[in-house]
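Let me begin by presenting the structure, written as C-alpha cells, before commenting on it.
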Amino acid sequence: MNSNVYHVHFLDHQLPEGDQDKMQFAREYAAELTGASLDDITCFLQKHTGDPSYRLTISVPQRLTDAP
C-alpha cells in the first residue's frame with residue numbers, strides 16, 4: 001500500500017513532559033491534522049540530537065489522501 005509521509009516539527013516546550021504523554025499528543029495531533037483515525041495512520045516522534053526540537057513523522061495511506 002502506498003503512503004504519503006509528512007513531517008511536523010515541535011520545540012521541546014510545546015510538548016507534554018512525559019514520553020508517554022508526548023507520544024499520545026503526537027498520535028492525537030496526527031489524527032486531527034490528517035482527518036484519519038488513529039488506526040489508519042502511523043506516526044513516529046523523534047528528538048533531534050543537540051537541538052531542543054522533535055520531528056513528528058506521519059505516514060498516511062494513499063487511499064486516505066485521495067480527494068473524492
Side-chain angles (χ1 to χ4, degrees):
M1 170 181 356
N2 292 334
S3 295
N4 289 333
V5 177
Y6 304 93
H7 300 283
V8 181
H9 293 267
F10 296 98
L11 293 176
D12 192 30
H13 72 270
Q14 294 175 296
L15 298 171
E17 287 189 28
D19 288 340
Q20 197 168 15
D21 293 334
K22 279 182 176 71
M23 198 56 222
Q24 183 63 30
F25 169 83
R27 288 179 46 79
E28 290 172 0
Y29 184 84
E32 182 180 327
L33 186 66
T34 62
S37 75
L38 291 176
D39 295 330
D40 287 331
I41 59 173
T42 302
C43 63
F44 304 97
L45 187 65
Q46 298 172 304
K47 182 158 179 40
H48 282 237
T49 54
D51 187 344
S53 65
Y54 286 79
R55 180 173 76 176
L56 173 61
T57 302
I58 306 167
S59 178
V60 181
Q62 183 68 39
R63 65 180 171 77
L64 295 176
T65 61
D66 293 336

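Along the sequence shown, residues are numbered consecutively beginning with 1.
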Check your understanding: Do Q20 and Q24 have side-chain atoms, one donor and one acceptor, less than 3.5 Å apart?
Key -> no
Review point. Can you name the ring pair (Phe, Tyr, Trp, His ring centres under 6.0 Å) partners of Y54, sequence neighbours left out?
Key: none
Can you give me every donor-acceptor pair (side chain of residues 7-17, partner residue at least two apart or in another chain, under 3.5 Å) with its distance?
residue : atom : partner : partner atom : Å
H7      : ND1  : T57     : OG1          : 3.2
Q14     : OE1  : L11     : N            : 2.6

Revision key, fill the gap. Rounded to the nearest 0.5 angstrom, the CZ-CG distance for R27 and D39 is 7.5 Å
Revision key, fill the gap. In this structure, CG of L56 is separated from CZ of F25 (nearest 0.5 Å) by 8.5 Å
Only distances under 3.5 Å count here; give the side-chain donor-acceptor pairs of residues 42-52 to other protein atoms, sequence neighbours excluded, each with its distance to 0.1 Å.
residue : atom : partner : partner atom : Å
K47     : NZ   : D51     : O            : 3.3
D51     : OD1  : S53     : OG           : 3.4
D51     : OD2  : S53     : OG           : 3.4

Review point. Which one of V5, N4, L33 satisfies the side chain to side chain contact (heavy atoms under 4.5 Å, CB included) criterion with I58?
Key: L33
Exercise for review: Would you indicate whether D19, at its atom CG, is surrounded by more than 12 heavy atoms from other residues, nucleotides or ligands within a distance under 6.0 Å?
Suggested key: no
